[in-house]
Amino acid sequence: MLVMKFGGTSVGSGERILHVSRIVLAHRDQQPVVVTSAMSGVTDALLELARSAALGDAAACENQLAALINRHEDAARDISPEADWTKLNQRLEVLSAMAADALAKRDGSTAASDALVSWGERLAAPLVAGALGALGQSALAWDDPIIATDEHAAPLTEATRSLAEKTLALAGGGLLVAPGFIARMPDGRITTLGRGGSDYSATLLAAALRADACWIYTDVDGLLSADPRIVERARILPVVSPQTAGRLSYSGAKVLHPLSVAPVARQGIPMRVRNTFRPDHPGTLITAHSRAQRGASQAVTGRRGLAAIALIGDGLPETPHMFRRMYQAMTRAGIESVLSAYPGAGYDPQVFVNAAQAAAALEQLAREYASERAQGQISSISIQQGLALCTLIGEELGIAALAQAQQALAAEAVMPLAQTLGPSALSFVLYERDLERAIRSIHREVIEPTWHEPAVTVSCGSVGHAPDDEEPERRFAASHS
Ligand code: ASP
Ligand code: MG
C-alpha cells in the first residue's frame, strides 16, 4: 500500500486535479490511498470567512462564501461537466449553512473556526474522487476525519488505526480519497493538525495502515541543501535519514510539516517528497538506510521570527531550578521554547520562543518570578525580538564541521547569541538581519566542499514502480561499483 498526499498547489484547479489523478493511476498497482490538502488558498479563505462571521460582517461573509463556492464549482466543471457532483453540492450547502449559523451567533470560538476551516479538505476530496471517476477509476471520497486525537489534538495511534481500517474497508475495491489536515477529538469535535498539517495526516495514516511507503507530492523537487531563493546553487538531497528530514523541517525548511516525519520514521516506513509537476523526478527519499550520508553536512536552514527572553539580575545564582521554572511557567500558557541557554553559567538564563508568543511568555515569567523581583534577586526580564535560528544539518557531524561553521560565521562577522551543538545539528541563534549572509556563507564553506569530495554518492536513479523499501540498499551498492 502506498499513501500519496497532494498539497494545495497540486490540487489548485480542475486541470491540476486531473493531472494528480493520472499520477495516482500510474501507481494503481501499488494500492494507493490518496490524502488531499485543500485547494491552494482555500484554507486562508475559510479562515477569513470564520473571522467575518465572528465579526457579524454579513456582506463579507456572503462574498467570501460565493468565491469559495465558485472556486469548487469551476474546478468540478473543468474536471467533468457530465459527472455527478451531487455530493460536492450537498457539502457546499452544509458549508453555507454552517457559515450562516456562525454569522447569526457571531461565533468566534476555535470550535466554530475549526469546523469551517475543515471544509477545505472535505471539499477537495470529492473533487479528486470525481476526477478519478472521470478517468474510469471508482473512488470513495471520505468526508470525515480519519485521524483520532486526544482532547489536546495530539494524535492517538490505536484509535486512528481502527478508524482508518474501517474507512478503508468501506472503499471496497475502489480507491480511498481522504481529507488531510483534519482530525476528530474524543468529544466528537473536529479539529485540525495546524497549518501545513496535511503532510502529518498522510504519515499518520501511512503508519496506522502500515503502508509500504508514503509519498508527499508538492510543488518542488524535494528537500534541498538550502532555500534556493537564498542560495542559488542549492541542490536536491536524493536520500536523507528521517532524523535529518525531521530536523530540516523543524529548523525552517518549509517543504514538510515539522511533525510529519516522526510517525513513519517510528515504523521504518520510507517516505518520499516528490514534485507533482515533474512526476518523473525521483525527489528526496527519506529512509533509515541512508548511511551513505554519514559524516556529511547536508543542508543549512533558517528559521525566522524568534525572540529571546532573558532573566537579568545579580541574585540569579541564588534562584534554584531556573530553567525548570521558566519552562513550567511557559508550558502553562502553551508556549513552546525553541532553545535555551546560559550565556554565562548561572547568569542571564535565556529562552528562545516564537516571536508571536514572546509577549505572553514575558507575562508568565513576570508572574512566576514576582517574589524574586520584589526581593531584588532578579532586576529585570528582557525581551529581544528580531532573532533567527540558523542550523547546519548532517549525519554524525564532527569537530571539523563545527569549526568550519564557526569560521563561516566569523568570516561574515556574524556573532551567534547562543548555540547548541549536537551530532546531527549545529544551531546558532543570530540576528535576523544576518541570517541570509550566514546561510550563504555556511553553504559555501561547509556544504559545497563536501560535494567535491570523492565520498560515496547516492545516485537518484529512476524510481519506477519498485517498492521503496528495497531501493536504498540496492542503490547504495550500485553506487560503489
Ligand atoms: N490546508 C491546510 C493548510 O493550508 C493544510 C495543508 O495544506 O497541509 O494549512
Ligand atoms: Mg504543505
Side-chain angles (χ1 to χ4, degrees), residues 3-13 16-17 20 23 33-51 64 67-68 71-72 75 91 95 110 113-128 141-147 149 153 155 177-184 190-206 214-224 227-228 245-246 248-264 271-277 283-284 286 301 303 354 356:
V3 173
M4 302 173 88
K5 180 259 164 177
F6 295 91
T9 20
S10 304
V11 295
S13 68
R16 287 185 177 179
I17 293 174
V20 154
I23 296 177
V33 171
V34 180
V35 175
T36 183
S37 282
M39 296 177 80
S40 52
V42 164
T43 302
D44 288 324
L46 286 163
L47 282 165
E48 279 297 311
L49 177 67
R51 233 168 277 140
Q64 288 158 346
L68 280 162
R71 178 96 188 267
H72 290 87
R91 288 165 204 199
L95 168 63
T110 314
S113 165
D114 281 354
L116 283 174
V117 166
S118 74
W119 283 99
E121 275 65 14
R122 298 164 87 188
L123 292 168
L127 288 173
V128 176
W142 198 245
D143 148 286
D144 261 349
I146 300 188
I147 309 301
T149 72
V177 182
F181 185 52
I182 61 172
R184 189 168 309 278
I190 287 189
T191 185
T192 74
L193 299 174
R195 294 313 301 268
S198 289
D199 299 336
Y200 193 26
S201 346
T203 58
L204 286 165
L205 188 62
C214 180
W215 293 356
I216 306 288
Y217 278 90
T218 178
D219 50 9
V220 293
D221 284 339
L223 300 177
L224 285 150
D227 182 340
L248 262 162
S249 339
Y250 187 79
S251 54
K254 291 271 154 52
V255 182
L256 287 176
H257 185 276
L259 303 183
S260 63
V261 181
V264 283
M271 184 172 169
R272 199 181 274 281
V273 180
R274 308 191 69 162
N275 191 344
T276 302
F277 306 103
T284 297
I286 302 169
T301 57
R303 176 167 161 177
N354 285 321

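Heavy-atom basis, side chains included; hydrogens, waters and symmetry copies ignored. Numbering of ligands and ligand atoms starts at 1, following listing order.
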Query - Whether Gly197 lies under 4.0 Å from ligand 1, heavy atom - result: yes
**Report entry** Considering all heavy atoms, the nearest Ala202-Val3 contact
**Finding:** O-CG1, 3.7 Å
Query - Nearest neighbour of atom 6 (C) of ligand 1 from the list Ser260, Ser198, Gly194, on a heavy-atom basis - result: Ser198
Query raised in the report: Looking only at non-hydrogen atoms, which of Ser37, Gly8, Ser40, Gly7 approaches atom 7 (O) of ligand 1 most closely?
Result: Ser37
Report task. Validate the cation-pi geometry between Arg303 and Tyr250: distance from NZ or CZ to the six-membered ring centre under 6.0 Å, angle to the ring axis within 45°. Result -> yes
Query raised in the report: If you measure only the distance, is there a donor-acceptor pair under 3.5 Å linking the side chains of Thr301 and Ser251?
Result: yes
Query raised in the report: Quick one: which ligand 1 atoms are inside 4.0 Å of a heavy atom on Arg195?
Result: 3 (C), 4 (O), 9 (O)
Requested in this report: Please could you name the atoms of ligand 1 that Thr43 approaches to less than 4.0 Å, counting only its heavy atoms?
Outcome: 1 (N), 2 (C), 3 (C), 4 (O)
Query - Under 3.5 Å: N/O of Asp199 near N/O of ligand 1 - result: no
Query raised in the report: Less than 3.5 Å between some nitrogen or oxygen of Gly196 and one of ligand 1, yes or no?
Result: yes
Query raised in the report: Which is it for Glu121 and ligand 1 at heavy atoms under 4.0 Å: side chain, backbone, both or neither?
Result: side chain
**Report entry** Under-4.0 Å salt bridge between Arg16 and Asp219
**Finding:** no
